[in-house]
Trainee: 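Sharing a structure with you now.
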Amino acid sequence: MRTVPIIVGLCWALVAGPVIASGPDLTASPPPTTFTRWRPLGETEAAERYALSFPSAISTPFSENNSVPLVISVPRNRIGRAPVVILLHYWGATDFQLEQDAAEVMAERGIATVAMALPYHLARTPEGRRSGELAVVPDPDRLIQTMSQAVMDVRRTVDWIETQPVFDPKAIGLAG
């Protein structure tokens, strides 16, 4: 399972390190975008669930990968603005089941969650490919582009969270 530390290290290098010549400038904010309206998905015992999507800040040749779907869980028992955790799935994930299980536990504790599909995964998987197949490839420039896209998509997700009155913009976490 050596892939996880390498990917985490690369993500950290992209966020905290110098800008890599072949990747986008990650020190700049992603360009502004228009977000779709929340769409109800239903309710669980602890939360109301919604869906939302927005265009990725980095465009790729695969149209499926250029839209970022979110699954939002808002705790029923929240008082005021809820703290929120962005949930990122594992490499090759084929569904959000683990993230939805975590969302339910967090909702019971008054914490909202936003599960985000990473590049080339889930609904972002190009037709004829497996989820995550194109995310980690042996081409450093493409890997940098994919990791950069993931970073910019998380940043746009944070931008959206900060504009929503149900979330506490001073209490945003990231797990995955």
Side-chain angles (χ1 to χ4, degrees), residues 1-33 35-36 41 49-73 84-106 111-161 172-176:
M1 193 109 197
R2 300 187 68 64
T3 307
V4 174
I6 292 168
I7 291 172
V8 169
L10 181 57
C11 287
W12 178 252
L14 287 171
V15 173
V19 177
I20 298 169
S22 61
D25 180 2
L26 295 176
T27 62
S29 295
T33 191
F35 295 96
T36 61
L41 286 178
R49 294 182 58 228
Y50 301 90
L52 168 82
S53 65
F54 60 86
S56 179
I58 296 178
S59 186
T60 69
F62 301 99
S63 61
E64 302 92 337
N65 189 48
N66 296 334
S67 181
V68 183
L70 305 178
V71 176
I72 303 132
S73 294
V84 59
V85 175
I86 300 168
L87 300 174
L88 303 177
H89 55 77
Y90 57 91
W91 178 48
T94 55
D95 61 37
F96 270 139
Q97 189 58 55
L98 288 174
E99 291 71 28
Q100 291 312 302
D101 292 346
E104 188 71 5
V105 170
M106 287 188 225
I111 302 168
T113 58
V114 176
M116 186 193 97
L118 290 166
Y120 301 110
H121 284 82
L122 305 168
R124 299 178 73 172
T125 305
E127 190 170 334
R129 302 291 187 149
R130 288 185 333 269
S131 181
E133 178 181 354
L134 297 175
V136 179
V137 294
D139 176 346
D141 289 333
R142 285 201 39 222
L143 185 59
I144 288 168
Q145 180 184 13
T146 300
M147 295 299 148
S148 298
Q149 185 178 28
V151 169
M152 292 299 239
D153 293 344
V154 168
R155 291 182 70 188
R156 269 204 174 151
T157 300
V158 170
D159 289 345
W160 173 78
I161 288 169
I172 302 171
L174 177 68

Trainee: Any donor-acceptor pair under 3.5 Å linking the side chain of Arg156 with the backbone of Pro31?
Mentor: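 Between the backbone of Pro31 and the side chain of Arg156 there is a qualifying donor-acceptor contact (under 3.5 Å).
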Trainee: So, using side chain to side chain contact (heavy atoms under 4.5 Å, CB included) as the criterion, who are the partners of Ser67 when residues are at least two apart?
Mentor: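 If we apply the side chain to side chain contact (heavy atoms under 4.5 Å, CB included) test to Ser67, skipping adjacent residues, the hits are Ser53.
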Trainee: As a quick check of understanding, evaluate side-chain hydrogen bond (donor to acceptor under 3.5 Å, both in side chains) for Asp141 and Gln145, giving each step before the final call.
Mentor: CA-CA 6 Å; Asp141 289 333; Gln145 180 184 13; over 6 Å; no
Trainee: Using side chain to side chain contact (heavy atoms under 4.5 Å, CB included) as the criterion, list what pairs up with Pro61, not counting sequence neighbours.
Mentor: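 With neighbours one apart ignored, the set is empty.
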Trainee: Side chain of Ser131, backbone of Ala93: donor and acceptor closer than 3.5 Å?
Mentor: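 Checking the backbone N and O of Ala93 against the side chain of Ser131, a donor-acceptor pair under 3.5 Å is found.
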Trainee: Please answer whether the main-chain N or O of Gln97 pairs with a side-chain N or O of Gln100 as donor and acceptor at a distance below 3.5 Å.
Mentor: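 No, because the side chain of Gln100 does not come within donor-acceptor range (under 3.5 Å) of the backbone of Gln97.
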Trainee: Could I get the full list of side chain to side chain donor-acceptor pair (under 3.5 Å) partners for Asp159, not counting sequence neighbours?
Mentor: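 Scan of Asp159 (side chain to side chain donor-acceptor pair (under 3.5 Å), adjacent residues dropped) gives none.
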Trainee: Quick one: pull up CG in Leu174 and CD1 in Ile86 and give me the separation to the nearest 0.5 Å.
Mentor: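 Nearest 0.5 Å value for the CG-CD1 distance: 6.0 Å.
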Trainee: Measuring from Leu122:CG to Asp95:CG, what's the distance to the nearest 0.5 Å?
Mentor: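 Between Leu122 CG and Asp95 CG, I get 7.5 Å after rounding to 0.5 Å.
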Trainee: Return a table of donor-acceptor pairs under 3.5 angstrom between the side chains of residues 113-121 and protein atoms on other chains or two or more places apart.
Mentor:
| from | atom 1 | to | atom 2 | distance (Å) |
| --- | --- | --- | --- | --- |
| His121 | ND1 | Pro119 | O | 2.8 |
| His121 | NE2 | Gly92 | N | 2.8 |

Trainee: Please evaluate residues Met147 and Val151 with respect to the criterion side-chain contact (heavy atoms from CB on, under 4.5 Å), reporting the C-alpha separation (whole Å), side-chain torsions for both, the decisive distance (0.1 Å), and the verdict.
Mentor: CA-CA 6 Å; Met147 295 299 148; Val151 169; 5.6 Å; no
Trainee: Begin from the C-alpha positions of Thr157 and Met152 and carry the test side-chain contact (heavy atoms from CB on, under 4.5 Å) through to its verdict.
Mentor: CA-CA 9 Å; Thr157 300; Met152 292 299 239; over 6 Å; no
Trainee: Against Arg124, only a single residue in Asn66, Thr60, Leu134, Asp153 fulfils side-chain contact (heavy atoms from CB on, under 4.5 Å); can you say which?
Mentor: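 For Arg124, the side-chain contact (heavy atoms from CB on, under 4.5 Å) check succeeds only for Asp153.
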Trainee: Between Val85 and Leu87, does the side-chain contact (heavy atoms from CB on, under 4.5 Å) criterion hold? Intermediate values first, please.
Mentor: CA-CA 6 Å; Val85 175; Leu87 300 174; 3.8 Å; yes
Trainee: What distance separates Thr125 OG1 from Glu64 CD, expressed to the nearest 0.5 Å?
Mentor: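 That separation rounds to 8.5 Å.
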Trainee: Could you report the tightest heavy-atom contact between Ile58 and Gln149, atom names first, then the distance?
Mentor: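 So the two residues come closest at O-NE2, 3.0 Å.
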Trainee: Mind checking the CZ-OG spacing from Phe62 to Ser56? Nearest 0.5 Å is all I need.
Mentor: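 The CZ atom of Phe62 sits 14.0 Å away from the OG atom of Ser56.
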Trainee: Glu99: what forms a side chain to side chain donor-acceptor pair (under 3.5 Å) with it, not counting sequence neighbours?
Mentor: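 Not a single residue meets the side chain to side chain donor-acceptor pair (under 3.5 Å) criterion with Glu99.
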Trainee: Go through it in stages, so that I can follow the logic: the residues are Leu41 and Tyr50, the test is side-chain contact (heavy atoms from CB on, under 4.5 Å), and I'd like the CA-CA distance, side-chain angles, deciding distance and then a yes or no.
Mentor: CA-CA 5 Å; Leu41 286 178; Tyr50 301 90; 5.6 Å; no
Trainee: Please enumerate all residues that pass side chain to side chain donor-acceptor pair (under 3.5 Å) together with Glu127, with sequence neighbours excluded.
Mentor: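 Glu127 satisfies side chain to side chain donor-acceptor pair (under 3.5 Å) with no residue once adjacent residues are dropped.
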Trainee: What distance do Ile111 atom CD1 and Ser73 atom OG have between them, rounded to the nearest 0.5 Å?
Mentor: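 If we round to the nearest 0.5 Å, Ile111:CD1 and Ser73:OG are 12.0 Å apart.
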Trainee: Where does the angle between the aromatic ring planes of Phe35 and Trp160 fall among parallel (under 30°), tilted (30 to 60°) and perpendicular (over 60°)?
Mentor: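 Rings of Phe35 and Trp160: tilted, 30 to 60°.
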